[in-house]
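Side chains included, hydrogens not; waters and symmetry mates left out as well; all remaining heavy atoms used. This is a predicted model, so every value here is computed, not measured.
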Amino acid sequence: MSIRNNSNRVLNPMAMQALDKFKLEAATELNISNEYKSGYWGNITSRECGSVGGQMVKKMIQAYEDQLAGQ
C-alpha cells in the first residue's frame with residue numbers, strides 16, 4: 001500500500017477563508033441542500049460537491065478571461 005501525498009494544498013494560506021466563502025456562494029447559486037451551511041460537507045453527495053467545484057472553476061476561468069480581455 002502506498003502512502004498518499006495530499007497535493008490539494010492552498011498555495012496561499014491567507015486565501016483559505018476567501019475560498020471557503022467562494023465555495024458557499026457557489027453552493028448557494030446551485031441550490032445545493034442547506035446542510036453545507038454547518039461547515040460539514042459529509043452529508044452532501046459526490047455529485048453535488050462536484051457541481052460546486054465545477055461552478056467555482058467556471059467562475060475563476062471567467063474572471064481570468066475578463067482580466068485578460070481588459071489588458
Side-chain angles (χ1 to χ4, degrees):
M1 184 177 347
S2 67
I3 298 173
R4 294 187 68 185
N5 181 11
N6 188 359
S7 63
N8 293 331
R9 303 185 286 260
V10 176
L11 296 176
N12 183 349
M14 302 300 290
M16 185 63 93
Q17 187 176 12
L19 286 171
D20 285 340
K21 182 180 175 190
F22 187 36
K23 182 175 16 174
L24 294 176
E25 289 172 5
T28 302
E29 289 175 6
L30 295 171
N31 295 323
I32 302 295
S33 95
N34 289 333
E35 293 181 28
Y36 68 85
K37 290 183 181 178
S38 69
Y40 177 68
W41 287 72
N43 295 330
I44 307 299
T45 66
S46 296
R47 183 182 197 110
E48 289 174 324
C49 286
S51 295
V52 171
Q55 180 73 3
M56 291 173 69
V57 170
K58 181 179 173 182
K59 292 187 110 192
M60 286 187 275
I61 290 171
Q62 180 180 6
Y64 186 72
E65 287 175 346
D66 291 345
Q67 180 184 357
L68 286 176
Q71 291 181 356

CG of N34 to OG1 of T28, rounded to nearest 0.5 Å, is 8.0 Å
Check K59 with E29, please: is the shortest side-chain N to carboxylate O separation under 4.0 Å?
yes
Restricting to non-hydrogen atoms, name the atom on S51 and the atom on L30 that form the minimum distance, rounded to 0.1 Å.
O-CD1, 3.3 Å
Determine whether M56 and I61 fall in the same hydrophobic cluster, where Ile, Leu, Val, Met, Phe, Trp and Tyr are linked whenever their side-chain heavy atoms lie under 4.5 Å apart.
yes
A side-chain contact here means heavy atoms from C-beta on lying under 4.5 Å apart; do D20 and M16 qualify?
yes
Output the distance between atom CD (Q55) and atom CE (M60), rounded to the nearest 0.5 Å.
10.5 Å
